[in-house]
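Report on the structure given below.
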Amino acid sequence: MSSLALYNTLTRQSHPFVPIKSGEVSIYLCGATVQGSPHIGHIRSGLNFDILRRWLTKSGYTVTFIRNVTDIDDKILQKAAIEGTPWWALAAKYEREFSQAYAALNVLAPTYEPRATGHITQMIEPMARLMEKGLAYSASNGDVYLEVSKLDSYLTLSHQKVEDLQSSTEDVRSESYKRDPHDFALWKSAKEGEPSWPTPWGSGRPGWHLECSAMIYAYLGEAFDIHGGGLDLIFPHHENEIAQSHGAGWPFANVWMHNAWVTASGEKMSKSLGNSLLVSTLLKKVRGIELRWYLGSAHYRSMMEFSQEALDDSSTAFRRIESFLFRATEILGKPPTPTFAPQFVDAMNDDLAVPLVLAQIAENLRIGNIALTNNDDKAISVAANEIRGALEILGCDPFDPAFASSAADLAPTLDGVIALALEQRNAARARKDFAASDAIRDGLSDLGVSIEDTPQGPRWSITPMEKR
RNA sequence: GGUGGAGUGGCCGAGAGGCGAGGCACAGGACUGCAAAUCCUGCUACACGGGUUCAAAUCCCGUCUCCACCUCCA
């Protein structure tokens with residue numbers, strides 16, 4: 001049986017995964033800066049790493065998964081000022097929206113979810129170490145900067161040269177405070193009307209990068225296994241995390257994993273382009289499990305071009321799978337038991353080759369449907385078990401209580417009512433009164449109840465309201 | 001300018017030297033009172049130009065196009 005190999009952004013290659021502590025895996029994922037509503041790109045990141053986490057857990061590792069919340073930054077302060085609400089209220093509002101979106105898509109809650117503002121004390125330590133080593137300095141404006149030129153190495157993740165970097169306009173403006181335009185802020189000095197916390201170098205608020213280094217050290221220690229995030233965090237965020245943490249004397253992350261974008265019309269989704277697709281908007285069109293199936297279907301390192309058509313196709317495909325599992329459950333008298341086929345294990349171990357898994361599911365679905373018509377319970381069971389096993393890792397198990405709808409308790413009643421209608425239809429069909437039988441079927445269909453005649457008798461399912 | 005990524009059939013999307021990934025759509029067929037669902041069959045593609053090789057979508061050289069990052073970003 002194969003063992004897990006993961007692609008490491010640091011080396012641009014896949015390597016066999018070897019955890020620091022045998023049997024344990026520590027993961028840190030850069031979570032959201034809670035300054036707006038979550039769009040599907042944000043959630044794709046959480047979802048990709050959720051699949052990794054589920055797979056590691058199923059592979060027998062004890063996984064510690066930390067995903068932070070950045071609840072203080074320039075944009076949060078700006079937006080709060082514009083809206084006239086306290087910055088912490090704005091941050092909390094969007095943090096709740098992210099939590100709801102994660103939950104709707106069955107992204108497991110992290111082992112711990114630290115907030116930046118709750119870890120100011122922990123940020124002092126790396127700053128102090130960097131100051132002691134002479135790698136950081138306190139500038140005349142009260143900011144604390146990391147002096148990039150003093151580092152042993154810099155930009156090892158993005159493989160760039162410092163001199164090739166373009167200087168930003170901000171750097172040009174603040175050059176008088178920085179010793180070098182490429183130095184970056186660990187700590188920003190207190191400004192009128194902005195929140196601040198005291199430090200030995202004056203009061204202020206954290207720079208963007210320091211919080212992650214500090215929280216990683218607090219929860220995962222000096223060295224940990226996997227650091228994840230979106231592709232756009234490689235530079236500057238992750239480079240600067242490396243700079244701070246290495247500078248502080250910590251070995252830091254072993255493997256760096258980065259997920260690719262969801263694009264719309266070929267371009268990265270972003271608020272400035274106005275092409276953001278909010279999770280809440282899409283959840284009005286498809287169920288959470290369907291949106292997850294769609295967003296999880298591409299390989300995590302591949303760009304994913306969103307289209308409504310692709311989402312609809314994907315939902316239809318998922319309902320086929322679901323329908324098979326439900327029919328199998330009815331025939332077998334119990335839900336399938338998740339199992340993992342060797343090919344599935346190989347695919348997941350190959351840097352999470354989800355698209356290969358999709359092909360395996362499609363093949364199993366075909367075999368399972370044939371078994372269904374042949375009344376081959378053994379084959380039905382094998383196919384259903386393997387499909388459910390794969391869906392479980394992908395976080396799309398229809399039997400997962402996380403996806404149970406509030407209407408579930410109405411199901412027995414509905415079932416009875418529809419069964420009654422179907423009895424009438426069968427009676428009509430028996431006396432060859434097809435006008436009457438079709439009228440019943442059409443009537444149910446108008447209400448969103450679709451009927452399938454199977455060798456085991458008619459089945460019904462509900463078509464979501466928005467699809468009609 | 002620097003650093004990466006991508007271009008695969010009508011559409012989506014894997015693969016990374018040699019047995020047609022897979023899905024959707026479409027066409028034909030089986031089943032059905034008719035549908036739906038399901039199954040079977042068909043649709044044989046790798047941006048362009050060279051090269052290496054017995055063999056290239058895959059390796060090499062060149063070209064074109066698109067995307068991302070270069071201090072807000074998942």
Side-chain angles (χ1 to χ4, degrees), chain A residues 9 12 29-33 35-36 38-49 70 73-76 78 98 155 157-171 174 181-185 207-209 228-237 239-240 258-263 266-272 294 297-299 301-305 307 309-314 316-317 319-320 323-324 327 347 353-363 365-370 372-374 429 432-434 437-438 441-442 445 450-455 458-459 461:
Chain A
T9 309
R12 315 258 153 126
L29 173 64
C30 283
T33 300
Q35 46 111 346
H39 61 60
I40 53 175
H42 295 124
I43 293 303
R44 183 186 180 197
S45 180
L47 198 149
N48 284 152
F49 286 94
T70 301
D73 93 316
D74 294 353
K75 280 217 169 151
I76 293 173
Q78 283 168 21
F98 268 86
L155 308 183
L157 191 60
S158 58
H159 300 195
Q160 299 178 95
K161 291 177 184 159
V162 177
E163 57 268 29
D164 289 337
L165 295 181
Q166 289 176 350
S167 290
S168 74
T169 50
E170 189 200 336
D171 278 333
S174 57
H182 301 300
D183 293 350
F184 62 90
W208 177 29
H209 317 296
L231 219 45
D232 55 350
L233 295 182
I234 293 176
F235 185 88
H237 187 51
E239 292 289 12
N240 291 350
H258 292 94
N259 65 276
W261 309 124
V262 179
T263 57
E267 286 179 315
K268 179 181 167 183
M269 201 169 284
S270 75
K271 292 194 186 76
S272 50
Y294 173 65
S297 64
H299 185 85
R301 286 192 281 117
S302 298
M303 297 290 170
M304 183 175 194
E305 167 72 9
S307 80
E309 193 192 356
L311 176 59
D312 291 343
D313 286 353
S314 167
T316 306
R319 284 191 213 114
R320 281 187 69 209
S323 164
F324 165 69
R327 283 186 66 184
V354 171
L356 248 45
V357 171
L358 264 40
Q360 291 164 11
I361 291 175
E363 175 67 6
L365 182 63
R366 194 178 60 81
I367 293 169
N369 276 323
I370 292 171
L372 227 37
T373 42
N374 294 343
R429 290 174 76 199
K432 304 252 190 260
D433 182 357
F434 296 121
S437 72
D438 286 355
R441 186 174 63 196
D442 293 346
S445 171
S450 42
I451 304 303
E452 285 170 44
D453 290 323
T454 76
R459 298 185 76 249
S461 57

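Keep in mind it's a predicted model, so treat the numbers as computed, not measured. A, B, ... follow the sequence lines: proteins, then strands. Residue 1 opens every chain.
Considering only residues two or more places apart in sequence or on other chains, A:R301 meets the salt bridge (Lys or Arg N to Asp or Glu O under 4.0 Å) condition with A:D351. Residues passing the salt bridge (Lys or Arg N to Asp or Glu O under 4.0 Å) test with A:R327, sequence neighbours excluded: none. In this structure A:F324 satisfies the ring pair (Phe, Tyr, Trp, His ring centres under 6.0 Å) test with no other residue, sequence neighbours excluded. In terms of the side-chain contact (heavy atoms from CB on, under 4.5 Å) criterion, residue partners of A:R441 (sequence neighbours excluded) are, by chain and number, A:R425, A:D438, A:I451. Checked against salt bridge (Lys or Arg N to Asp or Glu O under 4.0 Å), A:D442 has no partners two or more places apart in sequence or in another chain. Residues passing the side-chain contact (heavy atoms from CB on, under 4.5 Å) test with A:D433 are A:A428, A:R431, A:A435, A:A436, sequence neighbours excluded. Contacts of A:S314 classified as side-chain contact (heavy atoms from CB on, under 4.5 Å), with partners at least two apart in sequence or in another chain: A:W293, A:Y294. For A:H209, the ring pair (Phe, Tyr, Trp, His ring centres under 6.0 Å) partners two or more places apart in sequence, or in a different chain, are A:F184, A:H237. For A:E239, the side-chain contact (heavy atoms from CB on, under 4.5 Å) partners at least two apart in sequence or on another chain are A:Y154, A:L155, A:T156, A:L157, A:S158, A:F235, A:I242.
Of the P atoms belonging to B:G2 and B:G10, the separation is 37 Å, rounded to the nearest Å. Comparing B:G51 with B:G9, their P atoms are spaced 25 Å from each other, to the whole Å. When the C1' atom is used for both B:C40 and B:A45, the distance is 24 Å, rounded to whole Å. With both ends at atom P, the span from B:A56 to B:G17 equals 14 Å, rounded to whole Å.
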Give me, pair by pair, the N or O atoms of the protein and of nucleotides 14-16 of chain B that are less than 3.5 Å apart, along with how far apart they are.
{"residue": "B:A14", "atom": "OP1", "partner": "A:H299", "partner atom": "N", "Å": "3.4"}
{"residue": "B:A14", "atom": "OP1", "partner": "A:S302", "partner atom": "OG", "Å": "3.2"}

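Note that CG of A:N48 is 12.5 Å distant from NE2 of A:H258, once rounded to the nearest 0.5 Å. Atoms NE2 and CG, on A:H299 and A:N259 in that order, are 10.5 Å from each other to the nearest 0.5 Å.
In RNA chain B, stems built from 3 or more consecutive Watson-Crick or G-U wobble pairs, each with both distances under 3.5 Å, span B:1-7 with B:64-70, B:10-12 with B:22-24, B:26-30 with B:38-42, B:47-51 with B:59-63.
For the pair A:L311 CG and B:C12 P, the computed distance is 15 Å after rounding to whole Å.
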Under 4.0 Å protein heavy-atom contact, by nucleotide of nucleotides 23-38 of chain B - B base, S sugar-phosphate only: SS--------BBBBSS

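Distance from the side chain of A:H42 is smallest for B:A74 among the nucleotides B:A74, B:U3, B:A21.
Contact annotation: A:K268 reaches the phosphate of B:C69 (side-chain N/O to OP1 or OP2, under 4.0 Å).
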